[in-house]
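To start, the structure under review is shown below, and the notes come after it.
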Amino acid sequence: MPASAATQLIDKLQPATRLLAHYDANARALPWRRPPGSPPPDPYVVWLSEVMLQQTTVATVKPRFRRFIQRWPTIEGLAAAEDEAILSEWAGLGYYARARNLIACAREVVRRGGFPQTESELRSLPGLGEYTAAAIAAIAFGEQATVIDTNVARVIARYHGIDRPLVEARADIRVLAEGMTPPDRAGDYAQAMMDLGATICRPKQPDCPNCPLSSECQAWATGSPERFPAPKVKAARPHRHGLAWWIERDGAVWLVRRPAKGLLGGMAALPGPEWGEESPPQPAAATISHGFTHFTLDLHIVSKAEPLAEGWWQPIDRMNEAGLPTLYAKAVQAMLSRKEALAA
DNA sequence: TAGTCGTGGTT
DNA sequence: TAACCAAGACT
């Protein structure tokens, strides 16, 4: 190898090497985190963790992940479980399409006799997009896949001085990220990049003096690294109103299951009509406010005598087993608090 | 490609 | 308080 080529290779690997050294010394504890040199983690564990971690913080995921693994230690067990059991276990975690895809993916993997081991094949499984397929390929199978989440995109944008919004710079960031990905320790490198973005190269107030990449970072060189990349413009959230029926009899409340697709798809719920723009005319026994990603909601709860729609009686003292998403858990809590106040 | 899809913590 | 943000996927 010519000396110049060798020098170029070292230059290319240098940031990754420094990043890995920093990671070895500072890594946060993650569900599948193991000491350096350990055998690769169980693909089932990596897959479940990564799906849970989509748009969800590590702190939120940790206890939920433990419950899932305890209840379903293997993917065969998960694939054999009832849909409702899995959706209930997911209740409160949000983005319920993930749980529906989790079910479909588990059954497909079992049908195939195990996880595919390449990024491109993983990509074909339900719920595994660009990020998650690459993460599993790198972490569970050691493939030199380039893993890009919002953390990595921000790190790359700053390192290379890209100040356009991420949506515009997406293709450039991928090329640059692929150029930095080292051939070895694929999983550790992927986690090191994400960890750097989460703990040092933060969106606001990045801790550049402690960053192992600061010496060549173009954003740091400008003196205002937090300006990279440009913030994305987001639309204002409209406000909606909804109505939910409180139908109580003999210490139980009538619950229904929402349609399989769409908002809160497949989840347990209080019955009620579709939500709209106008506040319903009935006087509500309680009203709760809830924020979704793209709108806010006032849910008005009104008492009603007779059950309607297909559903079941859920005993109030076992309401925590109903698998209610947070919106309806808040509604139930509001009604029970009100009842307690009236009784006092 | 831009909209849909949750929730809770941080600032 | 309101905005911002999180190990994104899907249509």
Side-chain angles (χ1 to χ4, degrees), chain A residues 23 27-28 30-33 45-65 87 90-102 104-105 122-140 145-155 165-168 170-171 177 187-199 201-205 226 229 231-240 258-267 269 288-297 299 324-330:
Chain A
Y23 177 70
R28 298 185 299 171
L30 289 169
W32 58 88
R33 171 72 182 160
V45 164
V46 177
W47 163 70
L48 180 59
S49 306
E50 290 296 344
V51 172
M52 281 191 171
L53 284 164
Q54 289 167 5
Q55 294 289 282
T56 308
T57 59
V58 171
T60 299
V61 165
K62 271 186 181 174
R64 308 302 297 265
F65 171 81
L87 291 174
W90 197 277
L93 262 181
Y95 284 139
Y96 298 99
R98 293 184 297 170
R100 302 194 295 271
N101 285 329
L102 191 81
C105 184
L122 287 162
R123 184 68 177 77
S124 70
L125 291 169
L128 302 197
E130 231 172 50
Y131 162 76
T132 308
I136 297 172
I139 296 170
T146 297
V147 179
I148 304 175
D149 73 331
T150 63
N151 289 306
V152 178
R154 183 174 58 254
V155 170
L166 287 179
V167 285
E168 293 178 23
R170 195 171 158 280
D188 287 342
Y189 173 75
Q191 292 176 79
M193 283 289 278
M194 294 188 279
D195 219 46
L196 186 75
T199 62
C201 197
R202 301 170 295 221
K204 295 171 184 174
Q205 300 181 10
E226 68 282 354
K232 62 177 172 185
V233 288
K234 47 186 61 177
R237 286 195 300 181
H239 189 71
R240 294 183 190 166
R258 291 177 60 88
K261 292 183 179 178
L263 189 75
L264 307 177
M267 300 302 292
I288 59 128
S289 297
H290 191 72
F292 292 101
T293 304
H294 55 293
F295 68 96
T296 57
L297 179 74
L299 186 67
L324 290 171
T326 299
L327 169 71
Y328 292 109
K330 282 160 74 172

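Just so it is clear: chains get the letters A, B, ... in the order the sequence lines come, proteins before strands, and each one is counted from 1.
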Next item on the list: Answer yes or no: are there more than 12 heavy-atom neighbours, outside A:Arg202 itself, under 6.0 Å from its atom CZ?
Entry: yes
Next item on the list: Looking only at side-chain atoms of A:Asp149, point me to the closest of C:dG8, C:dA6, C:dC4.
Entry: C:dG8
Note to self: Using the side-chain hydrogen bond (donor to acceptor under 3.5 Å, both in side chains) criterion, which residues pair with A:Thr326? Sequence neighbours excluded.
What the structure shows: none
Check: Where along nucleotides 4-11 of chain B does protein come under 4.0 Å, by heavy atom, of base (B) or sugar-phosphate alone (S), with - for untouched nucleotides?
Finding: SBBBS---
Checklist line | Protein-nucleotide distance (A:Lys62, atom NZ; C:dA6, atom P), rounded to Å | finding: 18 Å
Margin query: The criterion is side-chain contact (heavy atoms from CB on, under 4.5 Å); which residues satisfy it with A:Tyr95, sequence neighbours excluded?
Written below: A:Gln55, A:Arg98, A:Thr293
Notebook entry, point to check: Does OP1 or OP2 of C:dC5 have a side-chain N or O of A:Arg154 closer than 4.0 Å?
Noted result: no
Note to self: Once side-chain contact (heavy atoms from CB on, under 4.5 Å) is applied, do any residues pair with A:Thr150, and if so which ones, sequence neighbours excluded?
What the structure shows: none
Item checked: Any residue meeting side-chain contact (heavy atoms from CB on, under 4.5 Å) with A:Pro203, in chain and number order, not counting sequence neighbours -> A:Arg154
Notebook entry, point to check: Could you give the CG-to-P distance, from A:Asn151 to C:dA6, as a whole number of Å?
Noted result: 6 Å
Next item on the list: Pick the P atom in B:dG8 and in C:dA9, then give their distance to the nearest Å.
Entry: 22 Å
Next item on the list: Could you say whether A:Gly197 or A:Asn101 is positioned toward the 5' end of DNA chain C, judged by the nucleotide with the nearest heavy atom to each?
Entry: A:Gly197
Note to self: Using whole Å, what does the distance between atom P of nucleotide C:dG8 and atom CG of A:Leu125 come to?
What the structure shows: 19 Å
Check: So, is A:Thr150 near the phosphate of C:dC5, with a side-chain N or O under 4.0 Å from OP1 or OP2?
Finding: no
Margin query: So, using ring-ring contact (aromatic ring centres under 6.0 Å, His included) as the criterion, who are the partners of A:His239 when residues are at least two apart?
Written below: A:His241
Check: Taking the C1' atom of each, how far is C:dC5 from B:dC5, in whole Å?
Finding: 16 Å
